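Everything quoted here is computed from the prediction, not taken from an experiment. Residue numbers run from 1 in the order of the sequence given.
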Amino acid sequence: MKSKLLIGFFVVFTFLSSCNEGEVYYRFHPIKNNNWSKQTAFDFLLDSLSVDPNKRYDISLEVINNNRYPYQNIWLFVQQNIADSTFVVDTIEVKLTDIHGKWLGKGGAGLYQLSIPYKTSIALDSTRNYLIRIRQGMKDDALEGIEKVGVLVKYTMNG
């Protein structure tokens, strides 16, 4: 009985530890009262200590919404200094539902997390700090139904 229990714990531990394989940065900012103001920007500072200059990285944007979100998409303004020290602003449309209104993110019970590939197979310099700033770009001044926004940086697994 004890050996089966130990094997079970080992399998669960192995599974959970493999889920974050290659992650070097994974942070979320909760949105106060699930009401994202146009004036509110969320900053993600990637420090130089967490990167290896000999590896390539993928960066994803993460959005967690609830089922009260009124639209099929969200526009994001993403300001970043990844290529060099100059800040660039990207405007990104993120589809949160399919054409039938089914949420595309993983989850259930009214919460859905969607991972959006942003930059792939990029080199990061270990002597620099990087900033990714995210703002919502919808017409609503206060956007209801977005719970959290985040950034994931992980080693490129295929390159």
Side-chain angles (χ1 to χ4, degrees), residues 11-47 49-51 55-83 86-124 128-159:
V11 169
V12 169
F13 176 76
T14 303
F15 174 75
L16 291 176
S17 63
S18 68
C19 290
N20 62 2
E21 185 176 327
E23 289 177 7
V24 295
Y25 183 90
Y26 197 25
R27 304 283 188 279
F28 279 95
H29 284 291
I31 296 171
K32 187 176 182 180
N33 300 321
N34 306 326
N35 204 341
W36 193 358
S37 167
K38 274 190 165 213
Q39 290 75 36
T40 303
F42 296 104
D43 289 351
F44 300 89
L45 181 62
L46 287 66
D47 64 18
L49 297 176
S50 62
V51 299
K55 295 193 179 211
R56 309 290 287 179
Y57 296 89
D58 294 333
I59 300 176
S60 297
L61 308 176
E62 306 287 321
V63 175
I64 297 178
N65 66 284
N66 62 41
N67 56 9
R68 291 186 323 249
Y69 185 74
Y71 304 110
Q72 292 183 325
N73 68 342
I74 185 170
W75 287 90
L76 300 175
F77 298 134
V78 182
Q79 183 179 12
Q80 48 83 10
N81 65 341
I82 294 169
T86 306
F87 281 92
V88 175
V89 178
D90 297 313
T91 302
I92 300 169
E93 180 184 16
V94 178
K95 299 281 187 186
L96 296 175
T97 70
D98 65 16
I99 60 172
H100 303 292
K102 182 178 181 260
W103 297 109
L104 298 175
K106 294 178 182 176
L111 286 180
Y112 306 92
Q113 180 175 344
L114 187 63
S115 184
I116 305 99
Y118 178 55
K119 302 285 182 186
T120 57
S121 194
I122 61 168
L124 296 175
R128 290 193 44 221
N129 288 328
Y130 299 93
L131 177 69
I132 298 174
R133 175 174 289 146
I134 303 175
R135 290 186 6 251
Q136 63 103 339
M138 301 294 282
K139 291 181 181 180
D140 299 18
D141 182 49
L143 189 59
E144 184 181 353
I146 302 295
E147 302 254 344
K148 295 179 185 179
V149 64
V151 171
L152 167 65
V153 180
K154 62 182 179 179
Y155 300 126
T156 301
M157 294 300 173
N158 59 357

Min side-chain heavy-atom separation Asp141-Gln39 under 4.5 Å: yes
Gap separating the OG atom of Ser37 from the NZ atom of Lys32, nearest 0.5 angstrom: 11.5 Å
Check: Asn33 side chain, Asn35 main-chain N or O, donor-acceptor pair, under 3.5 Å: no
pair Ile116-Val63: side-chain heavy atoms closer than 4.5 Å: yes
Residue pair Asn66 / Tyr112, side-chain donor-acceptor N/O under 3.5 Å: no
CA sep, side-chain torsions, deciding dist, call: Glu147, Phe28, side chain to side chain contact (heavy atoms under 4.5 Å, CB included): CA-CA 10 Å; Glu147 302 254 344; Phe28 279 95; over 6 Å; no
Candidate pair Trp75 and Gln136, rule side chain to side chain contact (heavy atoms under 4.5 Å, CB included), full reasoning: CA-CA 6 Å; Trp75 287 90; Gln136 63 103 339; over 6 Å; no
Value rounded to 0.5 Å, distance of CD in Gln72 from CD in Glu93: 10.0 Å
Evaluation steps, side chain to side chain contact (heavy atoms under 4.5 Å, CB included), between Val88 and Ile82: CA-CA 9 Å; Val88 175; Ile82 294 169; over 6 Å; no
Heavy-atom side-chain proximity of Met138 to Asn73 below 4.5 angstrom: yes
Non-hydrogen side-chain atoms of Ile132 and Ile134 separated by less than 4.5 Å: yes
4.5 Å side-chain heavy-atom contact, Tyr71 and Asp140: yes
Test item: Val149 and Ile64 side chains (from C-beta on) under 4.5 Å apart, heavy atoms: no
Neighbour count >12 (heavy atoms, 6.0 Å) for atom NZ, Lys148: no
Reference residue Tyr57; test ring pair (Phe, Tyr, Trp, His ring centres under 6.0 Å); the match among Tyr130, Tyr25, Tyr155: Tyr155
Glu23 CD to Ser60 OG distance, which is reported to the nearest 0.5 Å: 10.0 Å
Check: Phe77 main-chain N/O paired with Thr91 side-chain donor or acceptor under 3.5 Å: no
Contact check, side chains of Val153 and Tyr26, non-hydrogen atoms, under 4.5 Å: no
Nearest-0.5 Å distance that lies between atom NZ in Lys55 and atom NZ in Lys154: 14.0 Å
Trace of the side chain to side chain donor-acceptor pair (under 3.5 Å) decision for Thr120 with Asp58: CA-CA 4 Å; Thr120 57; Asp58 294 333; 4.9 Å; no
Cationic N near anionic O, under 4.0 Å, Glu144 to Arg68: yes
Side chain to side chain, Val89 and Val78, heavy atoms closer than 4.5 Å: no
Reported CG-to-CG distance for the pair Leu104 and Asp98, which is rounded to 0.5 angstrom: 5.5 Å
Between Phe42 and Trp36, ring centroids under 6.0 Å: yes
Arg133/Asp43 ion pair, N-O < 4.0 Å: yes
Polar side-chain atom of Asn81 near backbone of Leu131 as donor-acceptor pair, under 3.5 Å: yes
Atom pair CD1/CG of Ile74 and Asn65 - distance to nearest 0.5 Å: 8.5 Å
Heavy-atom pair with the smallest gap, counting every atom of Gln80 and Asp90: NE2-OD2, 3.3 Å
Within 6.0 Å of NZ in Lys119, more than 12 heavy atoms from elsewhere: yes
Minimal non-hydrogen separation, Ser121 against Arg56, with atom names: O-NH2, 2.6 Å
Step-by-step side chain to side chain contact (heavy atoms under 4.5 Å, CB included) determination, Leu96 to Leu114: CA-CA 7 Å; Leu96 296 175; Leu114 187 63; 3.8 Å; yes
Arg135 versus Ala41, closest heavy-atom pair with distance: CG-CB, 3.3 Å
Tyr69-Asn34 side chain donor-acceptor pair, cut-off 3.5 Å: no
